[in-house]
Amino acid sequence: MKNEIKIQLQPVQTKRASEEIYEQIRQLILDGEIQPGERLPSERSMMEMMHRSRPTIREAMRMLEREGYIKIYSGSSGAVVQELTVDNAVQSLETIMQLQKLTMDNILEFRLMTESVAAELAASRRTDEDLNHLKALLERTRRSIGSADQFISCDLQFHLAVAAASQNAMYSIMLQVCREMIGESLMEVLETGNEAERTKRYRNILAAHQAVYEAIAGQNPQKAGQKMQEHLIHAEHDILDQ
């Protein structure tokens with residue numbers, strides 16, 4: 001592990017001191033002035049630089065750790081900057097959505113708009129590699145019929161692959177956030193009813209994915225967006241009827 005990084009932090013004057021400390025360090029990380037693996041100054045050093053108490057410094061550190069920017073180790077290791085990943089972004093956005101108390105209607109409406117456009121873009125921008133990946137996921141989904149856990153995993157991977165084929169990473173990020181928020185509801189939908197009803201639901205979802213895939217393969221943006229929209233409207237009705 002690297003030695004403690006040498007940085008200069010500014011004194012904090014506001015009443016919400018922990019938030020200002022959090023923002024200072026967060027910005028240094030985002031600007032690349034503090035690199036992953038580097039260790040932040042000790043609590044005592046930050047107390048002296050920022051003219052604030054230990055509890056205030058610790059609260060700022062906890063905020064940074066919750067958002068995935070740092071990892072706090074016990075003993076002399078202190079706080080170490082973490083590699084920022086898409087998972088960090090998803091976790092942060094999910095927290096914001098929960099704090100804003102967004103309803104299921106809000107999330108599903110947003111998902112309908114964004115995923116339909118992502119499918120349109122995928123039909124225009126997809127590569128042969130994207131198509132091969134989507135085709136493999138369809139086969140994996142077909143084999144997972146009857147297993148809710150595996151089927152939901154394949155379903156998510158298919159939607160993420162469509163988003164990735166749009167060549168715009170924002171669709172993948174926002175899709176992951178939405179799916180985290182509705183994942184439990186999707187599981188309830190798949191497990192509702194008797195075996196025949198559940199099997200029919202599995203096959204309907206697979207058929208919807210197949211239709212989206214064919215439109216993307218045929219480079220038909222309008223049809224791809226339409227088929228994704230139809231698929232998500234049916235899914236929305238299933239979830240809201242629970």
Side-chain angles (χ1 to χ4, degrees), residues 1-104 106-107 110-111 114-115 118 149 152-153 156-157 159-161 163-164 166-184:
M1 187 175 293
K2 295 183 179 180
N3 292 330
E4 178 182 305
I5 187 69
K6 301 298 182 183
I7 56 174
Q8 184 59 46
L9 300 171
Q10 302 302 313
V12 174
Q13 304 298 332
T14 64
K15 292 181 179 180
R16 302 177 72 86
S18 59
E19 292 184 10
E20 188 171 333
I21 295 168
Y22 158 84
E23 188 56 41
Q24 274 197 55
I25 297 174
R26 172 182 174 274
Q27 198 59 54
L28 287 169
I29 294 171
L30 294 176
D31 289 344
E33 294 188 35
I34 309 176
Q35 296 293 317
E38 292 182 329
R39 185 158 57 92
L40 294 179
S42 66
E43 288 182 357
R44 182 175 297 279
S45 295
M46 286 194 277
M47 288 166 59
E48 293 172 355
M49 282 188 279
M50 309 186 91
H51 303 169
R52 286 290 166 173
S53 66
R54 190 181 300 275
T56 300
I57 299 297
R58 286 184 174 175
E59 175 58 26
M61 294 300 101
R62 283 194 292 268
M63 292 167 65
L64 287 163
E65 186 173 44
R66 281 196 299 269
E67 297 299 323
Y69 291 103
I70 66 172
K71 174 68 175 177
I72 300 174
Y73 296 93
S74 58
S76 60
S77 297
V80 178
V81 176
Q82 300 297 290
E83 187 79 45
L84 294 178
T85 65
V86 171
D87 289 340
N88 297 140
V90 168
Q91 184 177 7
S92 297
L93 288 169
E94 183 183 350
T95 300
I96 293 170
M97 291 170 72
Q98 289 173 337
L99 289 173
Q100 292 296 320
K101 295 180 171 57
L102 296 181
T103 66
M104 188 65 72
N106 294 151
I107 297 168
F110 178 80
R111 184 188 176 201
T114 53
E115 285 205 62
D149 285 336
I152 282 182
S153 175
L156 172 59
Q157 292 305 312
H159 283 266
L160 285 173
S166 76
Q167 313 306 326
N168 185 328
M170 277 303 299
Y171 288 112
S172 298
I173 293 171
M174 296 311 300
L175 170 58
Q176 288 185 68
V177 174
C178 292
R179 285 296 293 256
E180 286 293 328
M181 299 291 287
I182 65 176
E184 189 173 319

Measure the spacing between CE of Met46 and CG of Leu40 and express it to the nearest 0.5 Å. 5.5 Å
Gln27: which residues meet the side chain to side chain donor-acceptor pair (under 3.5 Å) condition with it, sequence neighbours left out? Asp31
Please enumerate all residues that pass side chain to side chain donor-acceptor pair (under 3.5 Å) together with Asn106, with sequence neighbours excluded. Thr103
Return the set of residues passing side chain to side chain contact (heavy atoms under 4.5 Å, CB included) with Glu48 (not counting sequence neighbours), or none when no residue passes. Arg44
I would like to know whether Val80 and Ile72 meet side-chain contact (heavy atoms from CB on, under 4.5 Å); could you show each step before the answer? CA-CA 6 Å; Val80 178; Ile72 300 174; over 6 Å; no
First locate atom CD1 of Ile25, then atom CD1 of Ile57, and finally report the distance between them rounded to the nearest 0.5 Å. 7.0 Å
Leu175: partners by side chain to side chain contact (heavy atoms under 4.5 Å, CB included), with sequence neighbours left out: Arg111, Glu115, His159, Leu160, Ala163, Arg179
Under the side chain to side chain contact (heavy atoms under 4.5 Å, CB included) test, residues paired with Arg58 that sit two or more places apart: Glu43, Arg54, Arg62
Rounded distance [0.5 Å steps], CG in Leu28 versus CD1 in Ile34: 4.5 Å
Indicate the atoms forming the closest heavy-atom contact of Ser166 with Tyr171, along with that distance. OG-CD1, 3.5 Å
Side chains of Pro41 and Met49: closer than 4.5 Å at any heavy-atom pair? yes
side-chain contact (heavy atoms from CB on, under 4.5 Å) assessment of Ile70 paired with Met61: CA-CA 8 Å; Ile70 66 172; Met61 294 300 101; 3.9 Å; yes
Find out whether Gln24 and Met50 are in side-chain contact, i.e. whether some heavy atom of one side chain is under 4.5 Å from a heavy atom of the other. yes
Straight-line distance of Glu83 CD to Lys71 NZ, nearest 0.5 Å: 16.0 Å
Closest non-hydrogen contact found for Gly78 with Arg39 is N-CD, 4.3 Å
Sequence neighbours excluded, the answer for side chain to side chain contact (heavy atoms under 4.5 Å, CB included) partners of Thr56 is Ala17, Ser18, Ile21, Arg52, Ser53
Mind running side-chain contact (heavy atoms from CB on, under 4.5 Å) on Phe110 and Met174 for me, showing each step along the way? CA-CA 9 Å; Phe110 178 80; Met174 296 311 300; 3.9 Å; yes
Apply side-chain contact (heavy atoms from CB on, under 4.5 Å) to Glu23 and Arg26, showing your working. CA-CA 5 Å; Glu23 188 56 41; Arg26 172 182 174 274; 3.0 Å; yes
If you measure from the Lys or Arg side-chain nitrogens to the Asp or Glu carboxylate oxygens, is any gap between Glu59 and Arg66 under 4.0 Å? yes
